[in-house]
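Here's the structure, in structure tokens; my notes come after.
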Amino acid sequence: MPVQIIKPRPNPKTAQRVTEVGAALGAMVRAMAPAVQKAGEEMGRSFERLRTQRPA
């Protein structure tokens with residue numbers, strides 16, 4: 001007996017939610033970017049101080 005394969009139709013609400021989540025994640029990353037950049041710069045300065053203070 002043959003089995004009929006039913007292909008589900010895409011759900012427009014799911015696509016809309018995926019778009020909303022993507023936009024929210026993008027906004028979150030953009031909001032955090034300055035803090036992450038500042039932390040990286042401070043960490044680089046700290047490593048440089050450690051490197052220059054180390055006895056030769």
Side-chain angles (χ1 to χ4, degrees):
M1 176 181 277
V3 177
Q4 182 180 6
I5 298 176
I6 300 171
K7 292 185 178 180
R9 289 178 287 162
N11 187 342
K13 290 188 179 200
T14 302
Q16 179 184 358
R17 185 68 181 141
V18 167
T19 302
E20 291 170 359
V21 169
L25 286 172
M28 180 192 69
V29 169
R30 283 190 296 278
M32 289 177 55
V36 171
Q37 181 178 0
K38 183 178 177 183
E41 291 169 355
E42 290 176 2
M43 186 169 52
R45 285 191 291 272
S46 295
F47 284 146
E48 182 63 25
R49 278 194 304 271
L50 285 173
R51 189 179 68 80
T52 57
Q53 292 174 357
R54 208 169 49 189

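Both M43 and L50 are assigned to one and the same hydrophobic cluster, defined by single-linkage of ILVMFWY side chains at heavy-atom distances under 4.5 Å. Cluster membership for M32 and V21, using ILVMFWY side-chain heavy atoms within less than 4.5 angstrom, is shared.
Counting heavy atoms from C-beta on, the side chains of E48 and R45 never come closer than 4.5 Å.
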